[in-house]
Structure formats: structure tokens, C-alpha cells
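Take a look at the structure below.
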Amino acid sequence: KYTLESSENFDQFLTELGVGFIIRNLAKTSKPEIVIEIKDDTYTIHTVALLKTSVIEFKLGQEFEEARMDGKTVKVSFLLFHLTFFLFLR
């Protein structure tokens with residue numbers, strides 16, 4: 001179980017994604033709790049945030065569609081390098 005402590009350039013990131021002003025400001029104040037589960041080669045990430053709870057399931061390096069918390073759908077893939085997740089959006 002993890003809790004977000006800080007994020008840098010988050011507002012700029014959300015702006016680039018086209019997230020609206022109100023949702024952006026609510027997201028910036030949220031400190032979501034994240035639970036990561038691993039079973040075989042499948043990862044499940046549960047995110048409990050102020051606005052919404054989400055669950056995503058994926059395999060590393062495989063692209064999938066994710067419904068973001070702002071309601072938009074994007075194609076994403078995750079890589080894991082030195083115990084750090086890297087998220088790629090398309």
C-alpha cells in the first residue's frame with residue numbers, strides 16, 4: 001500500500017493531457033492510496049482517490065486501453081526498471 005507524497009509538474013502534465021481546470025485542481029489536492037498486486041505476470045493497480053477509485057490490470061510492455069479518471073480513454077503501457085514503473089501514453 002502506497003500513498004502519494006508529492007508530484008512535480010503535475011499541473012503541466014494534466015494540462016498537456018487536456019484535463020479541465022476544475023478536475024485538474026481537484027486532482028492536485030488529492031493524495032491517492034495505491035495498492036499494487038502481482039499474480040504471475042499480471043499487475044493490478046488499485047487507486048483510491050478523492051474523485052474516483054480505479055482499477056487497472058496489465059502485463060508489462062503490453063499496450064492496453066485505460067479509462068482515465070477524467071473519463072477519457074488512452075492507450076498506455078508500463079515498463080518496470082530498477083523498481084520504478086514507467087508509464088507510456090499514446
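We number each residue from 1, following the sequence as shown. Keep in mind the model is a prediction, meaning the values are calculated, not measured.
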I want to check something: taking the side chain as every heavy atom from C-beta on, are [X] and [Y] in contact at a cut-off of under 4.5 Å?
| X | Y | answer |
| --- | --- | --- |
| E33 | H46 | no |
| F58 | T42 | no |
| R68 | V74 | yes |

Nearest-0.5 Å distance, CG of residue L80 to CG of residue L60: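 It is 5.5 Å, given to the nearest 0.5 Å.
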
Pairwise distance CD(E37) to CD(E57) - rounded to 0.5 angstrom: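 Nearest 0.5 Å value for the CD-CD distance: 9.5 Å.
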
Could you list the donor-acceptor pairs under 3.5 angstrom formed by side chains in residues 18-26, with sequence neighbours left out?
residue, atom, partner, partner atom, Å
R24, NE, D11, OD1, 2.8
R24, NE, T15, OG1, 3.3
R24, NH1, V19, O, 3.0
N25, OD1, K28, NZ, 3.0
N25, ND2, F21, O, 3.0

Can you sort out the partners of F13 under ring pair (Phe, Tyr, Trp, His ring centres under 6.0 Å), two or more places apart, ordered by chain and number?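 Ring pair (Phe, Tyr, Trp, His ring centres under 6.0 Å) list for F13, sorted by chain: empty.
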
Residue pair [X] / [Y]: nearest heavy atoms and the distance that separates them:
| X | Y | result |
| --- | --- | --- |
| L79 | G61 | CD2-CA, 3.9 Å |
| P32 | T47 | CB-CG2, 3.8 Å |
| L14 | A27 | CD1-CB, 3.9 Å |

Which residues satisfy the side chain to side chain contact (heavy atoms under 4.5 Å, CB included) test with Q12, sequence neighbours excluded?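 In terms of side chain to side chain contact (heavy atoms under 4.5 Å, CB included), with neighbours along the sequence ignored, Q12 is linked to N9.
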
Do you reckon [X] sits in the same ILVMFWY cluster as [Y], going by side-chain contacts under 4.5 Å, direct or chained?
| X | Y | value |
| --- | --- | --- |
| V55 | Y43 | no |
| I38 | F78 | yes |
| V48 | I45 | no |

In terms of heavy-atom contacts, does CZ of F64 have more than 12 from other residues, nucleotides or ligands at under 6.0 Å?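 Enclosed: over 12 neighbouring heavy atoms sit under 6.0 Å from CZ of F64.
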
